[in-house]
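A short write-up of the structure that comes next.
In the text below, chain A, chain B and the rest are named by the order of the sequence lines, each starting its count at 1.
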2 protein chains.
Amino acid sequence: MTTLTIGKVAQRAGVGIETVRFYERRGLIDEPPRGPSGYRHYPESVVLRLLFVRRAKDLGFTLNEIKELLSLRLDPQTTCADVKQRAETKIADIEEKMRALRRMKQSLVQLTKSCNGSGPANDCPILESLDSLEQKP
Amino acid sequence: MTTLTIGKVAQRAGVGIETVRFYERRGLIDEPPRGPSGYRHYPESVVLRLLFVRRAKDLGFTLNEIKELLSLRLDPQTTCADVKQRAETKIADIEEKMRALRRMKQSLVQLTKSCNGSGPANDCPILESLDSLEQKP
DNA sequence: CTTGACTCCGTAGTATGGTACAGGCTGTAC
DNA sequence: GTACAGCCTGTACCATACTACGGAGTCAAG
């Protein structure tokens with residue numbers, strides 16, 4: 001069975017060496033066996049694991065959440081529904097963030113409309129609004 | 001002219017005392033005059049400043065960006081158009097974040113659809129997808 | 001005059017996700 | 001055998017926005 005050094009693993013997974021060690025500390029990848037010199041000897045499967053992490057990260061999961069997802073897979077008690085639940089919770093999180101961003105954007109668009117872009121900054125309607133804007137809950 | 005202690009300022013602005021000092025260090029509020037004991041004596045205007053900061057923060061500006069907005073106001077060279085420019089850049093930032101979130105959500109929705117919620121977690125289609133998902137740029 | 005609340009400063013810790021050393025050992029190629 | 005890349009550990013650092021804490025001095029009420 002071929003093993004990989006940390007450099008090869010990092011290269012194949014498209015991450016930095018430090019990141020691989022960091023993920024090990026965070027419990028996202030298993031501690032690999034070591035050679036007599038202390039060098040890490042990784043099975044090839046760790047590359048798949050790192051890609052899993054990256055994809056989950058791209059979907060908005062935090063490293064802690066990813067660790068949870070990984071442990072779900074190992075626990076025979078856990079069902080597919082548990083996984084689905086996590087995905088749905090994450091969707092709700094994302095929707096919440098999108099709503100917050102939408103609100104921000106709407107306010108900013110309003111502000112930019114109020115400003116014709118001429119005159120000195122110190123009586124810009126945008127800055128004036130920030131001085132007195134009503135807080136809408 | 002009445003002055004306020006840091007505690008009163010924090011209370012009126014709805015932030016913590018430590019936050020007031022933190023904002024001073026970050027250059028978001030002026031260093032106030034001190035009494036003989038070293039206590040800060042704030043003018044009432046600092047409360048307005050703190051509210052400005054909070055509103056700008058609610059609009060998605062970082063503290064550094066807020067500091068910039070504040071200094072724009074003081075510089076007579078700066079025009080209203082500069083302020084508007086910042087707002088428009090921030091709108092673009094927000095739109096970019098929203099697009100990223102939208103992509104995440106779409107992928108997650110796809111994944112949850114692929115999972116009927118039954119069976120053990122270790123062959124959940126969601127987790128399997130994370131093992132082999134194609135990276136779409 | 002004492003008590004308790006308030007303030008001072010500086011440093012360190014929180015969470016997030018890494019990145020960057022320093023200083024030393026190892027593995028390999030020539 | 002010697003150079004050089006690669007790996008080891010541990011710690012410190014980046015940005016972001018705070019929050020907490022220790023230990024000391026101060027202010028105001030009773």
Side-chain angles (χ1 to χ4, degrees), chain A residues 2-29 31-42 46 49-70 90 93-94 97 100-101 104, chain B residues 2-29 31-42 46 49-70 90 93-94 97 100-101 104:
Chain A
T2 2
T3 61
L4 302 169
T5 62
I6 195 170
K8 295 292 176 196
V9 167
Q11 193 188 336
R12 291 205 197 176
V15 300
I17 289 177
E18 307 286 354
T19 303
V20 178
R21 283 199 281 255
F22 175 67
Y23 284 176
E24 182 182 311
R25 282 199 298 281
R26 292 292 301 263
L28 292 167
I29 57 180
E31 290 191 35
R34 306 289 186 113
S37 63
Y39 281 25
R40 290 170 177 83
H41 294 310
Y42 289 100
V46 79
R49 169 63 65 93
L50 287 169
L51 294 177
F52 179 103
V53 172
R54 197 181 71 195
R55 284 162 194 145
K57 230 158 53 71
D58 288 347
L59 290 176
F61 290 98
T62 66
L63 297 187
N64 278 338
E65 286 166 344
I66 295 167
K67 192 178 167 187
E68 266 186 43
L69 286 177
L70 289 165
K90 183 52 64 180
D93 288 355
I94 289 171
K97 281 183 190 157
L101 289 174
M104 287 180 197
Chain B
T2 3
T3 61
L4 302 169
T5 63
I6 194 168
K8 294 293 176 195
V9 167
Q11 194 188 335
R12 292 205 196 178
V15 300
I17 289 176
E18 307 286 354
T19 304
V20 178
R21 281 200 282 256
F22 174 68
Y23 284 176
E24 182 182 309
R25 281 199 298 281
R26 292 294 301 267
L28 292 167
I29 57 180
E31 291 192 33
R34 307 291 187 108
S37 64
Y39 281 26
R40 291 169 177 82
H41 293 311
Y42 289 100
V46 80
R49 169 64 66 93
L50 287 168
L51 294 177
F52 179 103
V53 171
R54 197 181 73 197
R55 285 161 194 147
K57 229 157 56 69
D58 288 346
L59 290 175
F61 290 98
T62 66
L63 296 188
N64 278 337
E65 287 165 344
I66 295 167
K67 191 177 167 188
E68 266 186 42
L69 285 177
L70 289 165
K90 183 50 65 180
D93 288 356
I94 290 172
K97 280 184 190 156
L101 289 174
M104 287 180 197

Report summary line: Rounded to whole Å, the CG-P distance (A:D58 to C:dG18) equals 10 Å

**Report entry** Rounded distance in Å - OH (B:Y39) to P (C:dC8)
**Finding:** 7 Å

Query - Phosphate OP1/OP2 of C:dA15: any A:T62 side-chain N/O under 4.0 Å - result: no

Query raised in the report: Between B:F61 and A:T5, which has a closest nucleotide on DNA chain D that is more 5'?
Result: A:T5

**Report entry** Test item: A:K90 side-chain N/O and A:F61 main-chain N/O as donor-acceptor pair under 3.5 Å
**Finding:** no

Requested in this report: Using atom CZ of B:R25 as one end and atom P of C:dA12 as the other, report the distance to the nearest whole Å.
Outcome: 13 Å

Query - Sequence-distant partners of B:R21, side chain to side chain contact (heavy atoms under 4.5 Å, CB included), two or more places apart - result: B:I6, B:I17, B:E18, B:R25, B:R40

Query - 5′-ward residue of the pair A:R21/A:P36 relative to DNA chain C - result: A:R21

**Report entry** Side chains of B:R49 and B:L70 in contact at under 4.5 Å (non-hydrogen atoms)
**Finding:** yes

Report summary line: So CD of A:E24 and OH of A:Y42: to nearest 0.5 Å the spacing works out to 4.5 Å

Query raised in the report: Rounded to the nearest Å, what distance is computed from the CD atom of residue A:E18 to the P atom of nucleotide C:dT19?
Result: 9 Å

Requested in this report: Look at the side-chain N and O atoms of A:Y23 and state whether any lies under 4.0 Å from the OP1 or OP2 oxygen of C:dG17.
Outcome: no

Report task. Calculate the interatomic distance between A:R34 atom CZ and C:dG27 atom C1'; express it in whole Å. Result -> 16 Å

Report task. Rounded to the nearest angstrom, tell me the gap between atom CZ in A:R26 and atom P in C:dG17. Result -> 6 Å

Query raised in the report: Going from CZ on A:F52 to CG on A:L28, what distance comes out if it is rounded to the nearest 0.5 angstrom?
Result: 10.0 Å

Requested in this report: Quickly work out the B:Q11 CD to C:dA5 P distance and round it to whole Å.
Outcome: 15 Å

Requested in this report: Quick one: label B:R40 by what it contacts on the DNA or RNA (base, sugar-phosphate, nothing), any heavy atom closer than 4.0 Å.
Outcome: sugar-phosphate

Query - Contact boundaries on DNA chain D for chain B, cut-off under 4.0 Å to non-hydrogen atoms - result: D:dT16 to D:dC27

Query - Which residue lies more 5' along DNA chain C, comparing A:F22 with A:G35 via nearest heavy atoms - result: A:F22

**Report entry** Note, A:L63 side chain near A:F22 side chain (heavy atom, < 4.5 Å)
**Finding:** yes

Query raised in the report: Tell me: CD1 of A:I66 to P of C:dG18, nearest whole Å?
Result: 8 Å

**Report entry** Partners passing side chain to side chain contact (heavy atoms under 4.5 Å, CB included) against A:Y39 (at least two apart in sequence or in another chain)
**Finding:** A:S37, A:H41

Query raised in the report: Between A:T19 and C:dG17, is there a side-chain N or O to OP1/OP2 distance below 4.0 Å?
Result: no

